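As the structure is a computational prediction, the values presented were derived from the model and not from experiment. Just the heavy atoms: all of them, side chains too, but no hydrogens, waters or symmetry mates, feed the values below. Naming convention: chains lettered A, B, ... in sequence-line order (proteins, then strands); numbering from 1 in each chain.
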Amino acid sequence: MEISGVLSRRNMPDEIGGFDLSPGHSEEEAHVLAVDDSLVDRKVIERLLKISSCKVTAVDSGRRALQFLGLDEEKNSAALDGLKVDLIITDYCMPGMTGYELLKKIKESSTFRETPVVIMSSENILTRIDRCLEEGAEDFIVKPVKLSDVKRLKDYMTREDRDGNEGRGINKRKLGEACDVSPSFSSSPPSISSSSSSWSAPSSPTSLDSPTRRLKTSTCD
Amino acid sequence: MDGVVQLQRQLLDYTALLFQEGFLNDQFTQLQQLQDETNPDFVVEVVSLFFEDSERLLNELANTLDQQSIDFRKVDSHVHQLKGSSSSIGAQRVQNVCIAFRNFCDAQNTEGCLKCLQQVKNEYSLVKNKLETLFKLEQQILAAGGSIPM
């Protein structure tokens with residue numbers, strides 16, 4: 001695959017397979033790294049981001065994301081020069097490395113720990129959401145991703161630059177809708193119904209810490 | 001231009017029917033809204049990916065459920081993927097069967113799973129058919145010099 005000039009770096013191999021780069025990286029436009037093993041979802045998120053004036057790099061696994069960021073264990077190189085990543089958006093359930101594991105690795109890195117990471121998941125599981133937020137995710141989007149979700153991300157992408165940790169919104173849009181909880185071979189209480197309209201939780205994730213709302217996590221923890 | 005107007009009406013009616021019958025939901029509309037002059041084939045492209053992906057998954061499901069000792073985790077994983085992609089394009093009925101399918105996986109209910117496999121194959125086949133008809137109508141409109149109504 002063709003790699004754009006922005007990736008020129010002595011330690012980078014000539015070709016990295018599996019990357020989909022949008023050409024002509026510009027300094028003004030936000031650059032988003034999207035991670036999803038689903039081809040359909042990658043295509044959709046890519047379009048959603050581009051239509052929201054973002055540059056997009058879409059990869060199909062956590063491993064490839066780490067390679068792209070220069071955080072892969074196999075490489076000794078530090079982050080790539082001139083590579084600006086303004087947001088990382090990743091699916092939660094992926095084979096190999098989950099989005100949660102990817103999130104942790106990013107937060108452990110000195111170069112990218114300040115980069116906002118957003119988790120996407122088709123499953124609306126509060127323990128999962130909590131865990132991601134506690135690990136430092138900026139937001140959690142329930143799939144399918146809509147244009148309004150991406151527009152919201154853009155808002156706090158710019159706010160992040162100025163205000164640091166402000167604007168920790170949580171997309172609870174889907175809380176009231178019927179969704180399968182996927183209790184992973186054991187029974188679990190059904191999903192909690194609450195207001196289905198979007199709301200912003202207070203910045204502390206402990207507001208979600210109600211015992212009755214805890215649900216068993218699904219197979220891909 | 002009478003022919004074009006008629007085709008456009010046909011398309012609108014057909015699309016409305018698909019929504020009414022639950023084949024498609026709002027997510028499909030979302031995708032249509034992402035299509036424009038710079039990306040005129042976006043919906044067809046995404047849906048084509050969905051078709052390829054689904055056919056692969058349906059084959060895998062048939063194989064996995066055909067084994068002597070069924071690996072329900074594997075079945076669940078395939079269904080999860082199918083549920084995800086059908087949800088992403090708004091194929092509501094396929095998505096719904098996947099939800100039921102996953103419950104049977106959790107219960108390790110072989111018969112239930114086999115029934116769901118048949119059901120999801122049917123629903124997939126139906127929505128594929130309907131979407132292909134929809135795209136054909138769009139092509140006819142464009143060929144007649146008209147534009148796709150939204």
Side-chain angles (χ1 to χ4, degrees), chain A residues 20 22 36-53 56 58 60 91-96 98-99 120-125 141-151 173-174 177-188 190-191 216-221, chain B residues 25-54 56-57 71-92 94-109:
Chain A
D20 174 14
S22 37
D36 200 318
D37 62 309
S38 160
L39 191 46
V40 172
D41 287 354
R42 264 201 317 282
K43 180 136 181 108
V44 173
I45 193 75
E46 195 172 4
R47 180 69 184 141
L48 285 170
L49 289 165
K50 281 186 181 165
I51 220 176
S52 308
S53 308
V56 189
D60 63 3
D91 190 26
Y92 185 97
C93 264
M94 295 186 292
T98 66
M120 304 178 280
S121 177
S122 57
E123 288 164 319
N124 191 359
I125 298 172
I141 297 176
V142 180
K143 284 180 161 182
V145 186
K146 295 178 170 4
L147 197 54
S148 53
D149 297 319
V150 176
K151 288 205 144 87
R173 170 170 58 84
K174 292 288 181 67
E177 292 177 19
C179 57
D180 65 321
V181 176
S182 185
S184 170
F185 306 95
S186 54
S187 65
S188 77
S191 178
K216 277 237 158 67
T217 51
S218 73
T219 46
C220 81
D221 261 358
Chain B
N25 65 24
D26 180 63
Q27 185 63 17
F28 187 77
T29 313
Q30 284 277 319
L31 296 188
Q32 288 179 313
Q33 288 168 357
L34 296 179
Q35 186 163 289
D36 61 19
E37 323 74 52
T38 66
N39 233 279
D41 299 315
F42 176 68
V43 180
V44 171
E45 286 169 6
V46 181
V47 171
S48 302
L49 288 176
F50 167 70
F51 289 162
E52 283 170 32
D53 209 37
S54 302
R56 174 185 64 86
L57 289 166
D71 182 351
F72 284 98
R73 272 202 121 94
K74 211 171 169 195
V75 179
D76 183 71
S77 166
H78 294 322
V79 178
H80 170 83
Q81 286 180 62
L82 184 57
K83 175 175 154 283
S85 53
S86 58
S87 150
S88 293
I89 69 145
Q92 177 79 65
V94 174
Q95 188 188 343
N96 288 345
V97 179
C98 288
I99 293 170
F101 204 152
R102 290 193 85 188
N103 289 334
F104 283 120
C105 287
D106 291 341
Q108 307 208 13
N109 181 333

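In this structure, chain B has a heavy atom under 4.5 Å from the side chain of A:Ile51, while its backbone stays farther away. Only the side chain of B:Asp26 comes within contact range of chain A, with heavy atoms under 4.5 Å apart. The parts of B:Glu45 that come within reach of chain A are both its backbone and its side chain, each placing non-hydrogen atoms under 4.5 angstrom from that chain.
Comment: B:Asp53 does not engage A:Lys43 in a salt bridge, judged by the lack of any side-chain N to carboxylate O separation of less than 4.0 angstrom. Ion pairing of A:Glu123 with B:Arg102 is present here, as a side-chain N (NZ or NE/NH1/NH2) and a carboxylate O approach within less than 4.0 Å.
Considering only heavy-atom pairs separated by less than 4.5 Å from chain A, the leading option among B:Leu31, B:Val47, B:Val46 is B:Val46.
Remark: B:Ser77 pairs with B:Gln81 by the side-chain contact (heavy atoms from CB on, under 4.5 Å) rule, at least two apart or across chains.
Using a distance-only test at 3.5 Å, with no hydrogens or angles considered, a donor-acceptor pair links the side chain of B:Gln35 to the main chain of B:Val43.
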